[in-house]
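To start, the structure under review is shown below, and the notes come after it.
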Protein chains: 2
Amino acid sequence: MPNTPNRKAQILQTAATLFRERGYQAASMRDIATAMHIEAASLYHHIKSKEEILEIICFDMAEQFIAAIAEVNDIYFNAEEKLRMAILNHVKLITQNQERSAVFLHEWRSLPAAALNEFLVLRNQYESGFNQIVKEGIEEDIFDSIEPKFAVLSILSSVNWINEWYKPDGKMSPGEIAKNISDFILGGLRKKLVTDPGYQP
Amino acid sequence: MPNTPNRKAQILQTAATLFRERGYQAASMRDIATAMHIEAASLYHHIKSKEEILEIICFDMAEQFIAAIAEVNDIYFNAEEKLRMAILNHVKLITQNQERSAVFLHEWRSLPAAALNEFLVLRNQYESGFNQIVKEGIEEDIFDSIEPKFAVLSILSSVNWINEWYKPDGKMSPGEIAKNISDFILGGLRKKLVTDPGYQP
DNA sequence: CATGTTCCCTAACAATTGTTAGACAAATAT
DNA sequence: ATATTTGTCTAACAATTGTTAGGGAACATG
């Protein structure tokens, strides 16, 4: 087991799994070490501190999420397509790394004050990406003129909740999940009075 | 400060506030005691253990949420009215006690195994209440025939997210928040092709 | 006045926490 | 073969954790 390449990456992944299961505070360095069949002291040849582990995970995921929304906003689509793409990317990121995503979504609260401020800026930046799409849709007159903040918060809370119930061996693929959520968010729950034009790519 | 009535209730409220801010594990008995201008040992004349505090808060809130949805489902309305009432009750419960609600929503993970199982049953019971409403709406043909589980999870994640940004001194009342969310969930984001019939009470 | 109850205190405990120092073995480079 | 780097170990540290024991002041009740 020792001497494998990317020992640091293994620590990060093990830590993410335990942080997700028990929370950052409740998962001890000894827990992480034991899960790797190692002593706690050995971890410190690869990482500086427990807090560093949390910071690396949080900021690495933040980068990925931001890159995903930036990509969507760069390529020109209409607002509906953009929103569907943004949701799809988000679902993919979450389902492809549930453990690290969970840390990004929930455990950032435990970041030390300085890192926390920096993190919140990035998080805000990501939310702004969605905000921009919704506002665009309203301006283009293809979205109802709803309060954008409400829409964005509803959208993000819906997609983030996926991480609580998604199991990689389930019946639905990330693409199908994204389509369902997008349909629901775009179409709403109430029955329409005319045939829904649906989504034309 | 001592000798006031309901000392136990004060402990529960103080604990809930700290549990919400820092998480159950990170908030120590000494933190709670200090916040009350008391020594940690003094807490044990009112409560049995730290875990008991968590249990009381979680189960008390669970009871209130279940009572709220049961009431809605008892009184006969059509499905849309039921859903709006359920969302309104939920928003009211959250905004009227943000601290305890936050513990109910997030900190239950730290419950000891036995209590945790019991808790999950109650939580499921609450979700079933919403599930029933959505299924009713589909049967009555006033909701689109969407996967009910998806709708319920989207609805609940949206309303639960309120707790992250709601401030009692904000511009929106709980009633207005509930109406906005209900409209969004029922109506969806995409522009309709005919005049929206809206909500007729 | 005496008695009991309520509430809080100081002091201490055993356990667990993140972390460091220093040694030893294996692999790699010279 | 020798030297160096890499990865782990044992042992220990200071701090913090939840909790208990025992005592004392304030108060109400008899």
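Nothing here was measured: the structure is a model prediction, and the numbers come from that model. Throughout, a chain's letter reflects where its sequence line sits, starting with A, and its residues are numbered from 1.
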Between A:Arg84 and A:Asp183, is the closest basic N to carboxylate O distance under 4.0 Å? yes
Sole candidate of A:Met61, A:Gln64, A:Glu99 that passes side chain to side chain contact (heavy atoms under 4.5 Å, CB included) when paired with A:Phe104: A:Met61
In this structure, how many angstroms lie between the [atom2] atom of [N] and the [atom1] atom of [X], rounded?
X	N	atom1	atom2	answer
B:Tyr24	D:dT17	OH	C1'	11 Å
B:Tyr44	D:dG18	OH	P	7 Å
A:His45	C:dG22	NE2	P	12 Å
A:Glu39	C:dA25	CD	C1'	16 Å
B:His46	C:dC8	NE2	C1'	8 Å
A:His37	D:dG7	NE2	P	18 Å
B:Lys50	D:dT20	NZ	P	15 Å
A:Asp31	C:dT16	CG	P	11 Å

Apply side chain to side chain donor-acceptor pair (under 3.5 Å) to the pair A:Ser157 and A:Asn160, showing each step before the final yes or no. CA-CA 5 Å; A:Ser157 59; A:Asn160 288 339; over 6 Å; no
Got a donor-acceptor pair under 3.5 Å from the side chain of A:Arg30 to the base of C:dG18? yes
Side-chain N or O of B:Ser28 less than 4.0 angstrom from OP1 or OP2 on D:dT16? no
So, B:Ser128 versus B:Asn131: side-chain donor-acceptor pair below 3.5 Å or not? no
Can you confirm whether the side chains of B:Asp31 and B:Thr34 place a donor and an acceptor under 3.5 Å from each other? no
Nucleotide nearest [X] (side chain, heavy atoms from C-beta), chosen from [options]:
X	options	result
B:Ser49	D:dT19, C:dG18, C:dT19	D:dT19
B:Met29	D:dA11, D:dG18, C:dT17	D:dG18
B:Arg7	C:dG18, D:dC9, C:dC8	C:dC8

Categorize A:Ala33 for me: base, sugar-phosphate, or nothing, with a 4.0 angstrom heavy-atom threshold over every strand shown. nothing
Just checking A:Ser42: base, sugar-phosphate only, or nothing, at a heavy-atom cut-off of under 4.0 Å? base
